[in-house]
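Note that the coordinates shown come from a computational prediction; the quantities given were computed from them, not determined experimentally.
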Amino acid sequence: DVAPKEIYWSDAGNLVLIACADSAYVLSYNAATTASAIAMGQVSPEDGVDGSFDLLYEISDNITSGEWVGDCFLYCNSSGRLNYSVGGKIQTLVHLDTNSSGATTHRILGYLAKEDRVYLVDKSLNIVSYKIMLAVLQYQTAVMRGDFDAANELLAVIPEAEYTTIARFLESQGFKEEALEVTTDDDHKFDLSLELGKIAIAHGLMEEIPPDEKNSIDTMAKWKKLSDAALKISDFELTEACSLASDDFPGLLLLYSAVGNFDGMEALAAAAQKKGKTNVAFIAYLLTGNVEACANLLIDTNRLPEAAFFARTYLPSRVEEIVSLWKADLSKVSETAANALADPKSSPDLFPDLDVALQVEKMFLAQREATKATGISASDYPTAKDDLELDLIALVKSQAVAAPPPPPPPAPPAPPAPPAAPPAPPAPPAPPSDEPPENPFAAADDPVDDAAAKAAEKAEADRRAREAAAAAERRRRAEAEARRLAEEAAAAEAARIAAEEAAAAEAARIAAEEAAA
């Protein structure tokens with residue numbers, strides 16, 4: 001039950017469109033069924049002939065005027081668009097002029113097949129026309145009917161300039177393979193080849209891009225799409241080539257780290273640093289064990305606090321050098337904060353086990369050089385992964401304790417013995433004594449003296465324990481103070497950077513105002 005405002009019949013009389021306020025309905029008319037019912041007197045006064053019309057599809061649009069061209073319906077809508085519908089699929093031909101309220105001012109006069117043009121008139125009686133080939137409409141109609149033999153015959157007479165329009169119509173109907181064969185637009189062909197999984201076709205199209213367009217944003221985006229598509233099918237060689245062509249450094253980082261490409265990771269680190277992608281470069285250097293390059297990168301980018309802490313962990317031999325750079329830079333903001341920074345030379349007590357750390361650094365560098373040529377085999381992972389949990393500082397210290405002391409140096413040869421002295425005369429007899437004779441069976445040690453000795457040893461041990469605890473507390477407080485001063489220094493550094501950025505922004509604003517004046 002609808003309230004139609006217009007009814008449009010096709011020239012063949014087999015289709016009818018009923019235009020209502022907000023939508024339209026396309027029905028097929030069964031002339032044979034209607035004629036048979038009328039001949040047999042089976043016409044209901046209220047319902048008419050049952051089965052005389054079948055609903056084909058609905059157009060959700062406000063149609064203001066229209067015209068049938070074969071099985072295609074051309075129409076203008078209330079929003080100023082010239083559209084056409086084939087099998088319920090809407091295609092927009094052109095956007096027409098509208099009035100101040102956004103409503104259309106045109107109506108369709110008709111379609112001339114010999115001119116392949118549709119004519120419209122506006123409220124000022126100005127006539128305009130737009131080209132739409134009848135063969136294209138017939139081709140689309142044949143496709144909607146499933147008559148591909150007729151469609152292929154019509155395609156032969158359609159100019160190649162219309163092939164992209166045909167291909168987009170075929171794509172909208174789900175015939176993407178046919179659309180890929182028909183389209184002449186390289187961008188459309190690239191998208192279709194990716195959707196169909198035809199990676200080789202897409203790669204061939206990218207290789208044909210002119211040199212002056214290779215660095216464009218659109219080309220880079222296409223390389224990225226092709227890289228993702230190649231990665232989905234595990235074509236790592238093509239993935240790498242696409243990522244290199246598009247400077248996709250994060251993608252290369254993922255690829256090289258996943259497949260264990262050490263040489264590629266080294267090349268990526270250098271390329272990323274050259275292009276200013278310092279985050280990727282730092283991670284790549286770290287994954288390859290090039291800690292020296294990591295520290296240099298942090299210094300070059302003026303990330304001196306991070307460089308100092310990095311060196312404390314991985315390059316203790318460069319702590320003093322980097323802290324001195326940090327002090328010099330921080331002194332420009334706060335001399336007090338700069339003087340609060342500690343280094344191994346001026347405050348060795350704040351850097352415990354530094355000598356052990358230097359030994360560990362040498363061990364790491366030696367191991368890196370020993371495995372650089374061949375690397376570590378993936379088959380060694382079950383045992384090599386345990387090395388990541390090793391406390392190398394504690395290991396080196398325990399080995400130093402367990403090692404036996406070095407043997408003492410040999411004693412010098414004894415000097416020659418002096419000549420023998422003459423025999424001593426016999427001693428006179430001892431005078432008698434009033435003391436009682438010494439008891440040979442008396443005890444050798446006095447229990448009272450033993451107890452006193454043990455008490456003295458315990459007191460000494462307690463004193464040493466108290467001194468060790470006091471020293472540990474002083475070291476803890478010193479380390480806490482060092483951390484606090486380092487945090488203050490980092491905060492001062494951040495304030496300096498913010499002040500510099502604000503000053504630069506103010507200078508840019510003043511320069512812009514002067515330029516505008």
* Take Y84 and Y111, measure what ring pair (Phe, Tyr, Trp, His ring centres under 6.0 Å) needs, and give me the verdict at the end. => CA-CA 12 Å; Y84 70 92; Y111 178 82; over 10 Å; no
* Go through the steps to decide whether F175 and F148 satisfy the test ring pair (Phe, Tyr, Trp, His ring centres under 6.0 Å), and finish with yes or no. => CA-CA 11 Å; F175 302 113; F148 289 99; 5.2 Å; yes
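Under the 3.5 Å distance criterion, with hydrogens and angles disregarded, no donor-acceptor pair is assigned to the side chains of Y285 and E292. Under the 3.5 Å distance criterion, with hydrogens and angles disregarded, no donor-acceptor pair is assigned to the side chains of S246 and D248. Side chain to side chain, D22 and N62 fail the donor-acceptor criterion of an N or O pair below 3.5 Å. For S36 and T33, the side-chain atoms include no donor-acceptor pair closer than 3.5 Å. Donor-acceptor pairing under 3.5 Å is lacking for the side chains of N30 and T34. Side-chain atoms of S23 and S60 include no donor-acceptor pair closer than 3.5 Å.
Relative orientation of the F53 and Y29 rings is tilted, given thresholds of 30° and 60° on the angle between their planes.
Closest approach of T105 to D97, counting heavy atoms only: OG1-O, 3.6 Å. Between A142 and A150, the shortest heavy-atom distance links the atoms CB-CB, 4.4 Å.
Counted within 6.0 Å of CD1 on I217, heavy atoms from surrounding residues, nucleotides or ligands total 12 or fewer; the atom is thus considered open. Atom CG of D380 has more than 12 heavy atoms from other residues, nucleotides or ligands within 6.0 Å. K131 NZ: more than 12 foreign heavy atoms inside a 6.0 Å radius. Surrounding NZ of K214 are more than 12 heavy atoms belonging to other residues, nucleotides or ligands, all under 6.0 Å away. For R117, the CZ atom counts as densely surrounded, since its 6.0 Å shell holds more than 12 non-hydrogen atoms of other residues, nucleotides or ligands. Other residues, nucleotides and ligands contribute only 12 or fewer heavy atoms inside 6.0 Å of the CG atom of D50. Summarising the local packing, CD of E207 is surrounded by more than 12 heavy atoms from other residues, nucleotides or ligands at distances under 6.0 Å.
Side-chain N or O atoms of R81 include none that pairs as donor or acceptor with a backbone N or O of C76 at under 3.5 Å. A donor-acceptor pair under 3.5 Å is formed between the side chain of S65 and the backbone N or O of I108. A donor-acceptor pair is defined here as one N or O able to donate and one able to accept, closer than 3.5 Å; no such pair exists between the side chain of D263 and the backbone of E266. The backbone N or O of L15 lies less than 3.5 Å from a partner atom in the side chain of S10, making a donor-acceptor pair. Between the side chain of S193 and the backbone N or O of K189, at least one donor-acceptor pair lies under 3.5 Å. With hydrogens and angles disregarded, a donor-acceptor distance shorter than 3.5 Å links the side chain of K5 to the backbone of I63. Distance alone, capped at 3.5 Å, places no donor-acceptor pair between the Y314 side chain and the A295 backbone. Checking side-chain atoms of T141 against main-chain N and O of L137 turns up a donor-acceptor pair under 3.5 Å. The backbone N or O of E213 lies less than 3.5 Å from a partner atom in the side chain of T219, making a donor-acceptor pair. Of the possible polar contacts, one joining the T183 side chain to the D185 backbone as a donor-acceptor pair under 3.5 Å is found.
Checked against a 6.0 Å centroid threshold, the rings of Y8 and F73 count as neighbours.
Only one option out of R168, K89, Q140 pairs with Q173 in a side-chain contact (heavy atoms from CB on, under 4.5 Å); it is K89.
Between K232 and D228, none of the side-chain N atoms (NZ, or NE/NH1/NH2) sits under 4.0 Å from a carboxylate O, so this pair counts as no salt bridge. Ion pairing of D122 with R107 is absent here, as no side-chain N (NZ or NE/NH1/NH2) approaches a carboxylate O to less than 4.0 Å.
With sequence neighbours excluded, no residue forms a side chain to side chain donor-acceptor pair (under 3.5 Å) with T104.
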